[in-house]
Amino acid sequence: MEVLRVEGPARLRGEVAVSGAKNAALSIMAASLLADGPITLERVPEVSDVTTLSQLLRHLGMRVMRSADDVVRMETIDPSRYRAASDLVRRMRASFCVLGPLLARRGRAIVSLPGGCNIGARPVDLHLKGLAALGADIRISAGRVIARAGRLRGTRINLRGPHGPTVTGTANVLCASVLAKGNTIIAGAATEPEIVDLGSFLIALGAEIEGLGTDELAIRGVDQLGTARHRIIPDRIEAATLLIAAAVTGDCFTVRDANAEHLQAVLDVLSAVGCQLNVEHDRIRIDRRGRLLPVDIVATPYPGIASDVQPQLVTLLTLADGTSSISDEVFPNRFAYVSELRRFGAMVHQTGCGVQVEGCSRLRGTQAVARDLRGGAALLLAGLSAEQTTLLGGLHHIDRGYQRLDEKLRQLGARIERRRPLREPHAQPASIDERLPTAV
Ligand code: EPU
């Protein structure tokens, strides 16, 4: 098990590029099962979730090749397969996105139910409700969804759940409806940029979709989809994480290849806490030299503050001059990382509906373990801002969704290295190793 050794406090300078959006790439790769010819995707991030999904798609009869740094080519070579390998599905939530495309294109699908995880309950009732409304016959047996359909039929579906719209649920139902007979209306659809990107990809394949970016999608089913070349949007969560790195360290640098429009809510928070921001085309320059102000924030569906940056913002607010409160309407229990953040001396208290953060002037380096992707990023940010050394374990969580984040931070000047704990006699490897999770 590798750990990151971070020498804080970091001084960050220069420029760093954002990779392609993990969550757009994953749903688009799954949607490629619908295509009737080769697919070329550009700006696909090299993250382990993409590797896992590629393996799953190969099991499902696709050829998947990374032909250049960020280009992935895909093509169906055996359309008879419909059982998604359960060990791969259980590793990541997004693999459930193969369900809609398999049903629509191959008429059958067997896909394990994805479990809950460290960010809270992750039901799939809305996915199944939407697919059943399109005419699929769905059973759950021994933890697997067993679904069958002749040609799906267009209908009106409301996908809004108790915590708002569902992102991967919208992806599944949208993918199923593009090949359905007749028209489908998806009300309560997710408006996230990753869904808009998926929709643009489907349109490039020949699908007919209106209303992308709104909460009501209108789909006219077509008989067949063709081939496409598509460039994935920049990862807004990675961009936000890098911008917050500047804010926690009190530094100034430029994040390029970003889409500031997708980041508006985060940019507003960063301005409110005292950062200067300058946006020019795909470049965002951030400068934070003065004190940080406290703010009260609530993570909500897009265009609000993304739940996927809530943990990183909590780290930022541990350094503010006063008390902030943070809650998360999308995943109300997404605070498992807080106990690790407290090891840095952060004063974060759980309240009925989120956390209250009492700012302090400095965090101190410690040993901590990432338990999930964004919580792991929050701990890494704490390590960058803290006095002295931090050893961070659980890196496989961070590697699931950030393309070489440690390398990008090193490029900005952070003193950060990946190492095996046993090679570092002063790192007390036994204790950090003991706390590393054994299962993904
Ligand atoms: N929900 C239901 N029923 C469902 C589906 C969801 O009640 O059938 C609830 C969830 O429990 C949650 C809320 O609806 O409270 C929103 O969940 P959603 O379905 O939108 O989440 P997701 O599609 O499983 C995607 C991203 C997450 C991101 C969320 C919210 C992917 C692969 N994952 O998850 O990304 O946090 O949307 O924006 O697209 C991450 O990248 O770290 C990550 C967790």
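Start at 1 and go down the list; that is how both ligands and their atoms are numbered.
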Does ligand 1 have any atom sitting under 4.0 Å from a heavy atom of [X]?
X: P332; value: no
X: K129; value: no
X: A94; value: yes

*For I119, counting its heavy atoms only, list the atoms of ligand 1 lying under 4.0 Å from any of them.*
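With I119 as reference, the close atoms of ligand 1 come out as 44 (C).
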_From CG (L363) to CE (M347), nearest 0.5 Å_ =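 Between atom CG of L363 and atom CE of M347 there are 9.0 Å.
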*Matching residue for Y402 among K408, R374, H397 - test: side-chain hydrogen bond (donor to acceptor under 3.5 Å, both in side chains)*: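 It is R374; the other options fail the test.
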For ligand 1, indicate whether the residue [X] contacts it via side chain, backbone, both or neither (heavy-atom separation under 4.0 Å).
X: Y302; result: neither
X: L373; result: side chain
X: R334; result: side chain
X: P123; result: both
X: D125; result: both

_Could you work out, with ring pair (Phe, Tyr, Trp, His ring centres under 6.0 Å) as the rule, every residue matching H262, not counting sequence neighbours?_
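None.
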_Are the side chains of R106 and R81 in contact, using a 4.5 Å heavy-atom criterion?_
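In short, these two side chains touch, coming nearer than 4.5 Å.
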*To which of I237, L198, V167, D328 does the heavy atom nearest atom 20 (O) of ligand 1 belong?*
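The nearest heavy atom belongs to V167.
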